[in-house]
There are 2 protein chains.
Amino acid sequence: MRVVEEQPRARDANATKARILAAAKSEFARLGLAGARVDEIAMQASANKRMIYHYFGSKEDLFRAVLVEAYLDIRNAEQELELDHLPPREALERLVRFTWAYYLDNPEFITLVNSANLHRGKHLEKSERLRTASRRFVSMVQEILDRGVADDVFRPGIDPVQLNITIAAIGYYYLTNRFTGTILFERDFMESKALEDRLAFNIDTVMRLVLA
Amino acid sequence: MRVVEEQPRARDANATKARILAAAKSEFARLGLAGARVDEIAMQASANKRMIYHYFGSKEDLFRAVLVEAYLDIRNAEQELELDHLPPREALERLVRFTWAYYLDNPEFITLVNSANLHRGKHLEKSERLRTASRRFVSMVQEILDRGVADDVFRPGIDPVQLNITIAAIGYYYLTNRFTGTILFERDFMESKALEDRLAFNIDTVMRLVLA
DNA sequence: TCAGTAACGCACTAGTTAGTTACTTCTTGC
DNA sequence: GCAAGAAGTAACTAACTAGTGCGTTACTGA
């Protein structure tokens, strides 16, 4: 007698791997490496826990895979900006707006990076793909700065890495510490007016930093 | 027969509490709330685990106590700066230098704040002492800005909270993400020259932001 | 001086957790 | 059409972990 039954899922290694990775990203972002539970990741991925060990080897290696993917995602998004088609001022402002929007739209990126650094970066070692992507990103900013200096709108001698760090910092810090910030400073950090104000302040900060 | 024996420790509730709190701060900073182990904290404090539950109630309440202490510590240090005796420019530069030095000298503060925010601030709720301390800090910066505007060295209309956040951000981000930063940007973030450069860049950033 | 109380410690428990064993089921290249 | 390997599953384990029960030891105030 054949009653209504769940179909066994079509077998698809790539899809299963992707579901595990997505569930892991969400759980590691929400609870950190130590706080996340492998069983919970398996459940969220609608996969068997054994599959996690089959595809990724260990909890730490899964975390490693999540981190690499998260970094490649943001570096890819940055490349799609095509800032070299814009005048230097517009290009830089667009980069500041993009960075801010990316953190807002991908809050798990921030907590993953925090977790990676809590563990002193040991899950990110020697990934040549990441280093290449970062190099390309720094060159992109360097080029904007060079064009700005040539046009006499930016002052010379600005280190593109320091500038990058600052652009990231002024958005990242506000968002990662929004909970303690909201409590200590008695204002809602996530209210839309507050977000607007912060973005405007950040654009102003960066422009005053680079303008000739 | 009395052989050589450990003396039972003199009983001192405050000392035991303080040792537990110090050990907890170190462990929570190093491993996060989920990663820290109550047994390890007890061992590091040379205390019995039972004492932790006696004095603090639970692992989460111990974490709460560590966080409140960490915030009160930095706010107290800030108050000792006595910036109101300095001309506005010097006062602001001193604040930037202080913030940077505090993070460098108290790296556990940064990871504790990150952990507090990973848990969405729920361990920091409704501490009136902290709110009072924060208010006093914002007033301090507001006063520097006001004096600067009166002296025509600072431009008017700067929000002291936004300025505070930025001053914290540009130091905090660099240091908290120094591990991934070192890997991605292929430079040692903690080398003394790198630290100097970053501080100089940050002072420059803040000055360009506020100067008239 | 001694009873009451606070500090302290041992040994345990109930529940969890990363990782594994031993198996079945599906898919694919020949 | 079928062998072989890959995908998938359930049940298990050994180690761990927050929290506790219950007893002992040192202070302290009356």
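Throughout, protein chains are lettered first and strands after them, A, B, ... in sequence-line order, and every chain is numbered starting at 1.
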Task: SB check Asp197(B) Arg187(B) (cutoff 4.0 Å) - done: no
Open item on the list: Counting the atoms with a prime plus P, OP1 and OP2 as sugar-phosphate, which does Ala15(A) contact under 4.0 Å by heavy atoms, base, sugar-phosphate, or nothing?
Closed with: nothing
Task: Spacing of Leu31(A) atom CG relative to dT16(C) atom C1', expressed in whole Å - done: 15 Å
Open item on the list: Taking any heavy-atom pair under 4.0 Å as a contact, classify Ala34(A): base, sugar-phosphate, or nothing.
Closed with: nothing
Open item on the list: Regarding Arg94(B) and Glu90(B), does a basic nitrogen lie under 4.0 Å from an acidic carboxylate oxygen?
Closed with: no
TODO: Give me the ring orientation class for His123(A) and His119(A): parallel if the planes are under 30° apart, tilted from 30 to 60°, perpendicular past 60°.
DONE: perpendicular
Open item on the list: Checking side chain to side chain contact (heavy atoms under 4.5 Å, CB included) between Leu67(A) and each of Leu124(A), Val113(A), Leu33(A), which is the one that passes?
Closed with: Leu124(A)
Using a cutoff of under 3.5 Å, can you pull out all pairs of nitrogen or oxygen atoms linking the protein to nucleotides 28-30 of chain C, with atom names and distances?
none

- [ ] Please determine if Asp73(B) and Lys25(B) form a salt bridge, counting it only when a charged side-chain N lies under 4.0 Å from a carboxylate O.
- [x] yes
Task: Whole angstrom value for the distance that separates P of dT20(C) from CG of Asn48(A) - done: 14 Å
Open item on the list: Does anything in residues 49-68 of chain B come within less than 4.0 Å of DNA chain D? Heavy atoms only, and list the residues if so.
Closed with: Lys49(B), Arg50(B), Tyr53(B), Ser58(B), Lys59(B)
TODO: Between Leu33(A) and Lys17(B), name the one whose nearest nucleotide on DNA chain C is closer to the 5' end.
DONE: Lys17(B)
Task: Short N-O contact, Glu27(B) and Arg37(B), less than 4.0 angstrom - done: no
Task: Salt-bridge criterion met for Glu78(A) and Arg75(A) (N-O under 4.0 Å) - done: yes
Open item on the list: Whether Thr16(B) contacts dA7(C) is assessed here as follows: a side-chain N or O lying under 4.0 Å from the phosphate OP1 or OP2. Is that the case?
Closed with: no
TODO: Quickly work out the Ile20(A) CD1 to dT9(D) C1' distance and round it to whole Å.
DONE: 13 Å
Task: Contacts of Arg120(A) that satisfy side-chain contact (heavy atoms from CB on, under 4.5 Å) - sequence neighbours left out - done: Arg178(B), Phe179(B)
Open item on the list: Less than 4.0 angstrom from a charged side-chain N to a carboxylate O is my criterion; do Glu128(A) and Arg135(A) meet it?
Closed with: yes
Task: Between P of dT13(C) and CG of Asp39(B), the distance in whole Å - done: 16 Å
